[in-house]
Amino acid sequence: MMEKLRTVRGVHDLLPDALHKHKKVIKAGLNVSSKYCYSEIEIPIFEFSEVFKKPLGNSSDIVTKENYIFKDRSDDELMLRPEGTSGVVRAFLNAGLVQDIPQRFSYFGPMFRYERPQKGRLRQFKQFGVECIGISNSMADIEVISLGYEFLNKLNIIDKISLKINSLGDADSRLNYTKALIDYLNDYKSQLSKDSLKRLSENPLRILDSKNSVDQKILINAPNVLDYLNERSKERFENVCEGLDILKIKYEIDKSLVRGLDYYCHTAFEFITDELGSQGTVLAGGRYDGLSKMLGGVEVAGVGWAAGVERLALMVQGEYINSPDIVLMAQTEVYNHLLLPIMNKLINEGFRVEIIYTGNISKKFKRANKINASFVVLLGEEEVAKKVIKLRNMMLGSEQLIDLNQGIKVIRKTLQN
RNA sequence: GCGGGUGUAGCUCAGUUGGUUAGAGCGCGGGUUUGUGGUACCUGAGGUCGCCGGUUCGAAGCCGGUCACUCGCCCCA
């Protein structure tokens with residue numbers, strides 16, 4: 001392979017087969033979310049970097065080391081979007097929709113993160129997501145999780161996926177808990193992993209999902225987030241769980257589930273599979289009531305999630321088939337141009353048509369067979385003279401000389417069965 | 001960002017202890033039976049053996065570096 005002719009690391013071409021699966025995932029998402037009355041929106045692929053920096057938190061990996069930040073010709077600092085929520089909320093604020101809540105949005109498109117590529121982890125990847133903005137009631141959390149569940153269900157993969165859920169509580173609860181956690185962990189400072197030690201001062205909650213075995217041992221007796229929820233937060237979380245029970249959606253409360261991004265509060269959840277190696281999270285989200293304010297807007301409640309399109313596509317079955325209903329061929333090249341008006345007529349009748357221009361008759365039939373054509377229309381000396389076509393049914397191997405209009409009827413009738 | 005594995009034609013792989021013009025199957029192109037296909041036959045194209053450098057009379061095979069993919073960590077979707 002020519003070394004210079006390649007895509008950049010972690011960025012892949014999508015050939016028909018893979019693209020087909022991606023579309024299948026996105027279609028299912030749009031389909032289900034539109035039934036929940038979520039409206040599709042599209043927002044820019046890049047924004048002023050502040051749009052992401054503020055809400056995601058300056059200590060988050062996404063902002064510190066995984067960003068694609070660059071300056072354009074007018075010296076504005078821009079960032080390729082690493083996720084969708086911040087942009088959606090920004091768009092919501094810009095459009096003045098605070099005056100018209102609730103708003104329910106769905107979106108999909110490429111996101112960018114400078115990470116080390118792996119299976120199911122790319123530098124340019126697609127997310128499909130939904131956001132329910134303007135409802136602080138816990139019902140919205142349930143609605144959104146239910147939507148995610150139905151989405152995965154439509155993709156026929158829900159039985160390979162489990163749901164984990166947790167609550168971080170409101171700002172008060174979060175603060176109290178963080179204090180307690182720091183107090184506890186301070187006694188183990190000498191044993192904590194390097195990463196965790198760093199987080200102790202920057203973002204203590206993130207220590208909870210450390211996979212370091214020593215950290216995990218220390219964490220066994222650490223204070224539990226759920227014990228530090230104040231009445232309001234606790235009741236809220238119970239409501240969410242109850243709602244899931246009523247929907248018969250199975251879940252597991254995971255006290256170590258902490259979303260990595262600063263803007264989350266209250267409900268956090270993840271749909272996880274063990275089929276994708278270490279990239280098991282397939283759909284994740286939570287509540288982000290503080291986000292709007294971080295962006296400089298008024299306080300607006302919100303919940304949502306995002307799903308990894310290529311991760312889901314890896315789990316989805318189905319090959320891409322695009323075989324023609326009818327293949328057109330001429331006995332010799334001189335008749336090739338006579339095939340074009342026939343093609344136009346046939347595609348206007350709604351058929352999928354391909355013309356085979358080269359090769360001898362035998363080769364042409366081989367090709368027609370290979371691409372799985374249902375019918376062949378053959379034009380030769382005799383047909384042209386008699387102003388008919390030869391129509392061959394490739395499934396049966398039968399053929400007849402027939403007027404084109406009559407032939408169309410035959411084809412239609414056959415394909416309907 | 002850290003650690004392990006892999007890298008030969010479009011695909012799946014072979015390539016003996018380093019030795020002349022690097023192979024197979026499948027796939028692809030053209031053709032054979034003078035208007036017909038899942039079979040057959042002939043024939044062709046396609047590889048600077050990921051890339052760069054080193055050792056050697058000589059390297060696809062050894063050494064170093066680099067890139068990409070992959071697995072685990074990290075992070076997340």
Side-chain angles (χ1 to χ4, degrees), chain A residues 1-12 15 25 29 56 60-66 81-85 108-129 148 193-196 198-199 203 206 209-213 215 257-261 270-273 276-285 304-314 327 329-332 335 356 358-384 390-399 401:
Chain A
M1 261 303 153
M2 276 183 280
E3 187 52 28
K4 286 191 176 163
L5 246 191
R6 59 174 179 85
T7 60
V8 320
R9 173 133 108 132
V11 177
H12 294 325
L15 296 178
V25 170
L56 297 178
S60 73
D61 283 7
I62 291 181
V63 168
T64 56
K65 52 185 197 195
E66 296 175 1
R81 63 182 185 193
E83 56 104 39
T85 305
F108 70 90
M111 307 294 165
F112 305 85
R113 256 121 100 156
Y114 189 89
E115 290 192 272
R116 176 138 187 188
Q118 254 179 54
K119 185 181 192 172
R121 189 169 79 182
L122 305 167
R123 288 185 175 178
Q124 178 180 333
F125 60 99
K126 290 206 283 277
Q127 286 188 340
F128 175 86
S193 68
K194 222 171 70 192
D195 283 339
S196 294
K198 206 170 128 200
R199 286 187 191 134
N203 195 346
R206 290 257 311 282
D209 57 13
S210 167
K211 277 166 200 159
N212 179 288
S213 61
D215 288 354
L257 174 60
V258 185
R259 316 265 51 247
L261 311 179
E270 279 182 8
F271 285 88
I272 296 173
T273 180
L276 262 35
S278 70
Q279 268 61 56
T281 305
V282 116
L283 184 155
W305 50 255
V309 172
E310 24 290 274
R311 286 185 188 177
L312 290 171
L314 287 172
V327 152
M329 60 177 79
Q331 180 195 345
T332 65
Y335 299 125
I356 300 176
T358 60
N360 56 28
I361 288 283
S362 170
K363 284 286 179 192
K364 285 173 177 166
F365 268 95
K366 273 181 184 157
R367 165 89 189 157
N369 188 57
K370 197 193 136 195
I371 60 181
N372 235 312
S374 304
F375 285 91
V376 163
V377 167
L378 176 60
L379 221 54
E381 208 176 334
E382 186 187 358
E383 291 79 8
V384 173
K390 178 160 277 182
L391 181 65
R392 182 176 179 90
N393 180 323
M394 292 294 281
M395 288 101 64
L396 301 177
S398 60
E399 58 184 37
L401 281 175

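Order of the sequence lines fixes the chain letters, A, B, ..., with proteins taken first and strands second; residue numbering starts at 1 for each chain.
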With a 3.5 angstrom cut-off on both distances, give the Watson-Crick or G-U wobble partner of [N], or none if there isn't one.
N      : answer
B:rA60 : none
B:rG37 : none
B:rU66 : B:rG50
B:rC2  : B:rG72
B:rU17 : none
B:rG25 : B:rC11

- With RNA chain B as reference, determine whether A:Asn360 or A:Arg392 sits nearer its 5' end, using the nearest nucleotide of each.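 Residue closer to the 5' terminus by nearest nucleotide: A:Asn360.
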- Query: Start at the 5' end of RNA chain B and walk down; is the nucleotide closest to A:Gln331 or to A:Asn372 reached first?
  - Reply: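 Checking each residue's closest nucleotide, the 5'-ward one belongs to A:Gln331.
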[X] near the nucleic acid: base, sugar-phosphate alone, or nothing, with a heavy-atom cut-off under 4.0 Å?
X        : answer
A:Ala306 : sugar-phosphate
A:Leu378 : base
A:Gly84  : nothing
A:Thr332 : nothing
A:Glu83  : nothing
A:Ile371 : nothing
A:Gly359 : sugar-phosphate
A:Arg311 : base
A:Gly129 : nothing
A:Glu270 : nothing
A:Gln118 : base
A:Arg121 : base
A:Lys366 : base

- Task: Among B:rG35, B:rU70, B:rC76, find the nucleotide with the atom closest to the side chain of A:Arg113.
- Result: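 Looking only at side-chain atoms, A:Arg113 lies closest to B:rC76.
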Grab the [atom1]-[atom2] distance between [X] and [N] for me, whole Å please.
X        : N      : atom1 : atom2 : answer
A:Glu115 : B:rC69 : CD    : P     : 13 Å
A:Ile361 : B:rU36 : CD1   : P     : 7 Å
A:Phe125 : B:rA77 : CZ    : C1'   : 6 Å
A:Lys363 : B:rG30 : NZ    : C1'   : 7 Å
A:Arg116 : B:rC73 : CZ    : P     : 13 Å
A:Glu66  : B:rC74 : CD    : P     : 13 Å
A:Lys364 : B:rU32 : NZ    : C1'   : 16 Å
A:Leu257 : B:rA77 : CG    : P     : 11 Å

- Give a yes or no on whether a donor-acceptor pair under 3.5 Å exists between the nucleobase atoms of B:rU36, that is its base, and the side chain of A:Lys390.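 Flag set: donor-acceptor pair detected.
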- Message: Suppose we call a contact any N or O donor and acceptor under 3.5 Å apart; does that hold for the side chain of A:Glu383 and the base of B:rG35?
- Response: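 It does, because a donor-acceptor pair links the side chain of A:Glu383 to the base of B:rG35 below 3.5 Å.
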Given the [atom1] atoms of [N] and [M], what is the spacing between them in whole Å?
N      : M      : atom1 : value
B:rC49 : B:rG30 : C1'   : 28 Å
B:rG7  : B:rC11 : C1'   : 15 Å
B:rG50 : B:rU43 : P     : 31 Å
B:rU21 : B:rG5  : C1'   : 34 Å
B:rA77 : B:rG15 : C1'   : 43 Å
B:rU56 : B:rA40 : C1'   : 50 Å
B:rA14 : B:rA24 : P     : 16 Å
B:rA9  : B:rC28 : C1'   : 12 Å

- Is the A:Phe128 ring parallel, tilted or perpendicular to the A:Phe108 ring (thresholds 30°, 60°)?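 Judged by the thresholds at 30° and 60°, the geometry between A:Phe128 and A:Phe108 is parallel.
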- Item | Considering all heavy atoms, the nearest A:Gly10-A:Pro117 contact |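 Shortest heavy-atom separation between A:Gly10 and A:Pro117 comes out as CA-CG, 3.8 Å.
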- Task: Indicate the atoms forming the closest heavy-atom contact of A:Gln331 with A:Gly380, along with that distance.
- Result: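 Nearest heavy atoms, A:Gln331 then A:Gly380: OE1-CA, 3.3 Å.
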A side-chain contact here means heavy atoms from C-beta on lying under 4.5 Å apart; do [X] and [Y] qualify?
X        : Y        : result
A:Leu276 : A:Lys119 : no
A:Val327 : A:Met394 : no
A:Glu381 : A:Thr332 : no
A:Phe365 : A:Arg392 : yes
A:Asn393 : A:Phe375 : yes

- Rounded to the nearest 0.5 Å, how far does CD of A:Glu83 lie from CE of A:Met111?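 Answer for the CE-CD pair, A:Met111 versus A:Glu83, is 7.5 Å.
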- Query: Does OP1 or OP2 of B:rG37 have a side-chain N or O of A:Ser362 closer than 4.0 Å?
  - Reply: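 Yes, because at least one side-chain N or O of A:Ser362 sits under 4.0 Å from OP1 or OP2 of B:rG37.
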- Do any side-chain nitrogens or oxygens of A:Arg9 fall under 4.0 Å of OP1 or OP2 in B:rC69?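 For B:rC69, OP1/OP2 do have a side-chain N/O of A:Arg9 under 4.0 Å.
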- Query: What do you reckon, is OH of A:Tyr335 surrounded by more than 12 foreign heavy atoms closer than 6.0 Å?
  - Reply: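 Enclosed.
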- Task: Could I get the full list of side chain to side chain contact (heavy atoms under 4.5 Å, CB included) partners for A:Leu122, not counting sequence neighbours?
- Result: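 Residues passing side chain to side chain contact (heavy atoms under 4.5 Å, CB included) with A:Leu122: A:His12, A:Phe125, A:Glu310.
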Would you list the protein and nucleotides 25-28 of chain B atom pairs, both N or O, that sit under 3.5 Å from each other?
unit_1, atom_1, unit_2, atom_2, d
B:rC28, OP1, A:Lys370, NZ, 2.7

